[in-house]
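Nothing here was measured: the structure is a model prediction, and the numbers come from that model. Because only heavy atoms are used, hydrogens play no part in the values below, and waters and symmetry mates are left out as well, while side chains stay in.
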Amino acid sequence: MVSLANQAVTEARQRLSQEVRGRRGRAVDPGWANRRLLLRGAETLSDRAVARLRTVFDTDDPTGQLKAAWEAKEQLRALLSSGSLEEAGDHLWILEGLVGATPTPETKRLLRTVTRWWAEIEVLIVTGATTAKVEANNTAIKNIKRCEARYGWSGTGWQGRSWSSSPGL
């Protein structure tokens, strides 16, 4: 869910660069130069990083839409780390207000996704249970298969053998 929020910030930054400059971002543009800073959590930013972020919003965000997307991302992070359903509901209410004040395609999509997944988010907040381990295992399996395809490994190794045909068993 947080990756979806980061995607919204990235897409807002890219869209605004295209609208304002008529081109993709470049290293000389504050928004592009500090693109990773936009994806970090607010609590991890140093004073220097906060100053750079303010510069991005002041110089590269004439419409305020990039700042709105960043604030929505931070509000979603706060919602997902809530300790109770009441606190999460408050964060959802604030998120709805942020999106209502500066509706961008990215923030509206983010809010729509959060409301669609609200039942699952409630389960996360109440139980703390996630599918992170399953997702990590699935990713590892996909990476192994990609390596097999890339390097021409075949299934004749450990995968192609059965226990009964192994010597000594």
Distance check, rounded to the nearest 0.5 Å: Asn138 atom CG versus Glu135 atom CD? 5.5 Å
Any heavy-atom pair between the side chains of Asn6 and Arg40 that's under 4.5 Å? no
Val56 vs Leu66, side-chain contact (heavy atoms from CB on, under 4.5 Å): CA-CA, chis, key distance, verdict: CA-CA 9 Å; Val56 169; Leu66 183 59; 4.0 Å; yes
Counting C-beta onward and ignoring hydrogens, is there a side-chain heavy-atom pair between Thr63 and Thr104 closer than 4.5 Å? no
To the nearest 0.5 Å, what is the distance between CG (Leu16) and NZ (Lys67)? 14.5 Å
pair Glu106-Arg15: side-chain heavy atoms closer than 4.5 Å: yes
Between Arg24 and Gln14, is there a side-chain heavy-atom distance shorter than 4.5 Å? no
Nearest heavy-atom approach of Ala5 to Lys73 is CB-CG, 3.7 Å
Give the C-alpha distance, both sets of side-chain angles, the deciding distance and a yes or no for side-chain contact (heavy atoms from CB on, under 4.5 Å) between Leu76 and Val114. CA-CA 9 Å; Leu76 178 61; Val114 169; 3.6 Å; yes
Are side-chain N/O atoms of Glu11 and Gln7 paired as donor and acceptor at under 3.5 Å? yes
Among Asn34, Asp58, Leu37, exactly one meets side chain to side chain contact (heavy atoms under 4.5 Å, CB included) together with Leu53. Which residue is that? Leu37
Would you confirm whether Thr115, through its side chain, and Arg112, through its main-chain N or O, come within 3.5 Å as a donor-acceptor pair? yes
Quick one: does any side-chain atom of Asp29 pair with a main-chain N or O of Trp32 as donor and acceptor, under 3.5 Å? no
Do the side chain of Arg54 and the main chain of Ala51 share a donor and acceptor less than 3.5 angstrom apart? no
Test item: Thr107 and Leu111 side chains (from C-beta on) under 4.5 Å apart, heavy atoms: no
Enter the distance from Leu85:CG to Asp90:CG here, rounded to the nearest 0.5 Å. 11.0 Å
Ignoring hydrogens and angles, tell me if any N or O in the side chain of Glu71 forms a donor-acceptor pair with the backbone of Leu98 under 3.5 Å. no
Give a yes or no on whether the backbone of Ser82 and the side-chain of Glu87 come within a donor-acceptor separation of less than 3.5 Å. no
Quick check: do Pro62 and Val20 have side-chain heavy atoms less than 4.5 Å from each other? yes
Is any side-chain heavy atom of Arg146 closer than 4.5 Å to one of Lys142? yes
Looking at every heavy atom in both Trp118 and Gly89, which two are closest together, and how far apart are they? CH2-N, 4.3 Å
Note: Arg77-Glu74 ion pair, threshold 4.0 Å (strictly below): yes
Ignoring hydrogens, what is the shortest heavy-atom contact between Ala69 and Ala12? Give both atom names and the distance. CB-CB, 3.9 Å
Answer whether the closest heavy-atom distance between the side chains of Arg13 and Leu38 falls below 4.5 Å. yes
